Asker: 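Provided herewith is a single structure, encoded as structure tokens, for subsequent inquiry.
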Amino acid sequence: MAKFDTQVQELKYRVLKEVAISYKKGTLEEDIPDIPKKIVPGPKPTMRCCIYKERAIASERVKLAIGGHKDNPNILEVIEAACDQCPIGGMTVTDACRGCLAHRCASACRLNCISFGPDLRARIDKSRCVNCGLCMKACPFGAILNHKRPCEAACKCGAIKMREDGITSIIEEKCTRCGACSYMCPFGAIMDKSYILQCIDILKEAKEGSSHAYMIVAPSISSQFHYAKLGQVIKGIECLGFNNVIEAALGADMVAYSEAKELEEKGVLTSSCCPAFVEFIKRSFPELKDKISHNLSPMAMIARYVKKTDPQAKIVFCGPCIAKKMEMFNENSRPYVDCVITFEELQALIDSEDIDLKTLEERPLDNASFFGRIFARSGGLTEAVKEALTEQGSTFEVKPQICSGIEQCKAALNQLKRGNASFNFIEGMACVNGCIGGPCCLTHEIRDAADVDRYGHQSKEKTIQGAIASVMALEE
């Protein structure tokens, strides 16, 4: 069974694995020039025009695997050598154009960009066109399409633009670090910085006895690593040297309980669980910042709990999310979360130790409730908040707007901004389908949501209060 959706992910994983192996051996500095040659042995190219370009791109991936460019504040970076400079862009007249008499497309164009050739078919003057889309809407044949680069089409925040030389670039002030562009680029030209070396350092400290290493795993882990059982994955994490593995779903239980109270108090609220959604509000809807829940995310909430119970704890969060790497540096999360890695990076760490998950005994996770575990898919947070209100004896009526993806988030936030919203709670997830649609999931499959629910039903804790009773006692 394939471990990854795409060959781009496979390539990224191979680089991460080689970097991890060299770093643990203490030979990374001298191995850096040789890693691209391991990735691209030659003599014939398999991905690009020549092995020299393939190795140059691999070298850039190695840089990102060891932390990327320090002067770039973004978690995402464009690998210029890998960018195909996709010659696709803007409004394009297709062969479906019939050269009709109505010329509705020309009438709709406010800039007079459209003319007609000898064959009577429409022509668009690209030097004047601003891609407003009015001609596309007006054409009765649907003969005009807006062809965008995959990265640009994936970014619903308008943070991707093309430089004059054709290379993709990221508009810093618009980017929410959701990572949709990185997953959708067919050439892997956009990649997230890795903190896998910091994770290895934490494991080394734990082995020496100077600290205790905890891995907090996102609820979406139940939909990943399809080639092994979840219990075997958890055991594999322990084999890496972690002292304990804890569900972020327990933090989700805590967040749902607190967020339900805050919703009842304020009357209108937007969720705090997805860092890309929170960042989107701050950057694109600053007037709604007061509506954002003041709760920590599930990652930070459970990390805070662990550090309260164990002062020697070092926390590594693992999930499908690139934006979590941004959240790690936020003021509210920085004291509690020491490192963030993705499922892709976890796979690289496991394989760098030659751990065969399929041969391991199972180690169960028994921390969270059903409601905490279903945070991984769209709608799960809303169900949890409703359950929390019920358990608290509240009669407050939740009128939710469940938003799967930034486009739906934007539509809901616009309604809230205009004051004509019929809902009082926005569950915002930047990734379509929620965390199971995250850019660093190993696979993106239809069955993933069912896997999450199935895992939720296996929980020993049937209520949110039952799952967090010990945490609530500590807080009091």
Side-chain angles (χ1 to χ4, degrees), residues 1-16 75-76 148-157 160 176-192 194 217-230 233 248-249 252 273-277 280 299 317-325 340-348 350-351 357 373-381 402-409 427-456:
M1 179 181 293
K3 292 180 179 179
F4 304 100
D5 277 343
T6 70
Q7 291 184 15
V8 170
Q9 289 175 288
E10 176 75 25
L11 177 60
K12 178 181 175 183
Y13 148 81
R14 288 168 57 198
V15 171
L16 289 164
I75 297 298
L76 293 158
K148 292 183 178 181
R149 293 180 171 202
C151 58
E152 184 183 1
C155 179
K156 307 305 180 182
C157 304
I160 298 291
T176 64
R177 281 71 166 165
C178 71
C181 57
S182 66
Y183 179 72
M184 288 306 298
C185 175
F187 290 92
I190 305 176
M191 179 175 162
D192 55 307
S194 176
V217 292
S220 50
I221 196 171
S222 60
S223 68
Q224 300 297 298
F225 301 92
H226 291 308
Y227 67 93
K229 297 178 181 178
L230 178 58
V233 178
C273 301
C274 172
F277 171 60
F280 180 64
M299 172 185 78
F317 175 83
C318 182
C321 183
I322 289 173
K324 285 293 183 186
K325 294 183 179 183
V340 172
I341 64 172
T342 64
F343 291 144
E344 294 172 335
E345 291 159 335
L346 176 58
Q347 183 69 72
I350 289 170
D351 290 346
L357 297 181
R373 288 178 173 178
I374 63 172
F375 263 54
R377 49 93 170 154
S378 182
L381 167 57
I402 299 170
C403 300
S404 173
I406 285 293
E407 283 186 308
Q408 291 185 11
C409 291
E427 177 195 304
M429 295 290 182
C431 295
V432 176
N433 298 322
C435 299
I436 57 173
C440 295
C441 283
L442 305 185
T443 58
H444 300 73
E445 300 183 10
I446 295 175
R447 66 176 180 176
D448 289 351
D451 287 344
V452 167
D453 283 351
R454 188 180 304 110
Y455 183 58

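Fair warning: this is a prediction, and the values are worked out from it, not measured in the lab.
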Asker: Would you please test Ile322 and Cys440 for side-chain contact (heavy atoms from CB on, under 4.5 Å) and show each step?
Answerer: CA-CA 7 Å; Ile322 289 173; Cys440 295; 3.6 Å; yes
Asker: Please check: side-chain N/O of Ser404 versus main-chain N/O of Val432, any donor-acceptor pairing under 3.5 Å?
Answerer: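 Answer holds: no.
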Asker: Any heavy-atom pair between the side chains of Leu16 and Ser194 that's under 4.5 Å?
Answerer: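 When only atoms from C-beta onward are counted, Leu16 and Ser194 do touch, with a gap below 4.5 Å.
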Asker: Quick check for you: to the nearest 0.5 Å, what is the distance between Thr176 atom OG1 and Leu76 atom CG?
Answerer: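 One finds 9.0 Å between OG1 of Thr176 and CG of Leu76.
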Asker: Nearest 0.5 Å please: distance from the SG atom of Cys435 over to the CD1 atom of Ile374.
Answerer: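 Reported to 0.5 Å precision, the distance equals 12.5 Å.
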Asker: To the nearest 0.5 Å, tell me how far Arg454 CZ sits from Ser222 OG.
Answerer: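 The distance works out to 9.5 Å.
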Asker: Quick one, Thr342 and Pro320 - any side-chain contact, counting heavy atoms below 4.5 Å?
Answerer: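 Counting from C-beta outward, Thr342 and Pro320 never come under 4.5 Å.
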Asker: Can you find a pair of side-chain heavy atoms, one from Ile402 and one from Ser378, that are under 4.5 Å apart?
Answerer: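 Heavy-atom side-chain distance check passes, below 4.5 Å.
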Asker: Under 4.5 Å between any side-chain heavy atoms of Arg377 and Asn433, yes or no?
Answerer: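 Arg377 does not reach Asn433 side chain to side chain.
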Asker: Side chains of Phe317 and Ile341: closer than 4.5 Å at any heavy-atom pair?
Answerer: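 Heavy-atom side-chain distance check fails, nothing below 4.5 Å.
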Asker: For residues Pro439 and Gly179, report the shortest heavy-atom separation together with the two atoms involved.
Answerer: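 Minimum heavy-atom contact is CB-O, 3.4 Å.
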Asker: Salt bridge check, Lys12 against Asp192: does any charged N sit closer than 4.0 Å to a carboxylate O?
Answerer: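 Yes, charged N to carboxylate O under 4.0 Å.
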Asker: Could you walk me through whether Leu442 and Gln347 pass the side-chain contact (heavy atoms from CB on, under 4.5 Å) test, one step at a time?
Answerer: CA-CA 9 Å; Leu442 305 185; Gln347 183 69 72; 3.8 Å; yes
Asker: Kindly indicate, with the supporting measurements, whether the criterion side-chain contact (heavy atoms from CB on, under 4.5 Å) is fulfilled by Met429 and Cys274.
Answerer: CA-CA 6 Å; Met429 295 290 182; Cys274 172; 4.1 Å; yes
Asker: Taking salt bridge (charged side-chain N to carboxylate O under 4.0 Å, His left out) as the cut-off, I'd like each qualifying pair that reaches into residues 427-438, sequence neighbours left out, listed once.
Answerer: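 Residue pairs with at least one partner in residues 427-438: there are none.
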Asker: Looking at Pro186 and Val8, what are the two nearest heavy atoms and their distance?
Answerer: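 Reported closest heavy-atom pair: O-CG2, 3.5 Å.
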Asker: Would you call Lys3 and Glu344 a salt bridge, taking side-chain N to carboxylate O under 4.0 Å as the test?
Answerer: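 No, this pair does not count.
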Asker: Applying side-chain contact (heavy atoms from CB on, under 4.5 Å), name anything that partners Cys155, two or more places apart in sequence or on another chain.
Answerer: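 Here the qualifying residues are Cys157, Ala159, Ile160.
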Asker: Would Val233 and Gln224 count as a side-chain contact (heavy atoms from CB on, under 4.5 Å) if you check the C-alpha gap in whole Å, the side-chain angles of each, and the deciding distance to 0.1 Å?
Answerer: CA-CA 10 Å; Val233 178; Gln224 300 297 298; over 6 Å; no
Asker: How many angstroms lie between atom CZ of Arg14 and atom CD of Gln7, to the nearest 0.5 angstrom?
Answerer: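 The CD atom of Gln7 is 10.0 Å from CZ of Arg14, to the nearest 0.5 Å.
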Asker: For the backbone of Ala153 and the side chain of Lys156, can you confirm whether one donor and one acceptor N or O come within less than 3.5 Å of each other?
Answerer: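 Yes, Lys156 side chain to Ala153 backbone: donor-acceptor pair under 3.5 Å.
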Asker: Can any side-chain N or O of Gln9 pair as donor or acceptor with the backbone N or O of Asp5 at less than 3.5 Å?
Answerer: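 At least one qualifying donor-acceptor pair exists.
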Asker: How about Glu445 and Asp451: do any of their side-chain heavy atoms sit closer than 4.5 Å?
Answerer: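 No. Closest side-chain heavy atoms not under 4.5 Å.
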Asker: When rounded to the nearest 0.5 angstrom, what is the spacing between SG in Cys441 and CZ in Phe4?
Answerer: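 Between atom SG of Cys441 and atom CZ of Phe4 there are 12.0 Å.
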Asker: Distance check, rounded to the nearest 0.5 Å: Phe225 atom CZ versus Thr443 atom OG1?
Answerer: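 Between Phe225 CZ and Thr443 OG1, I get 9.5 Å after rounding to 0.5 Å.
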Asker: Flag yes if more than 12 heavy atoms outside Glu407 fall under 6.0 Å of its CD atom; otherwise flag no.
Answerer: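 No.
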Asker: A side-chain contact here means heavy atoms from C-beta on lying under 4.5 Å apart; do Tyr455 and Leu230 qualify?
Answerer: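 Side chain of Tyr455 against side chain of Leu230, heavy atoms only: contact under 4.5 Å found.
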Asker: Got Ser220 and Phe343 here, is their nearest side-chain heavy-atom distance under 4.5 Å?
Answerer: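 Yes; the side chains approach each other to less than 4.5 Å.
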Asker: Looking at every non-hydrogen atom in both residues, tell me the closest pair between Leu381 and Cys273 and how far apart they are.
Answerer: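 Scanning both residues, the minimum pair turns out to be CD2-SG, 4.0 Å.
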Asker: Which heavy-atom pair separates Cys431 from Gly438 by the least distance, and what is that distance?
Answerer: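 Scanning both residues completely, I find the closest heavy atoms to be SG-CA, 3.8 Å.
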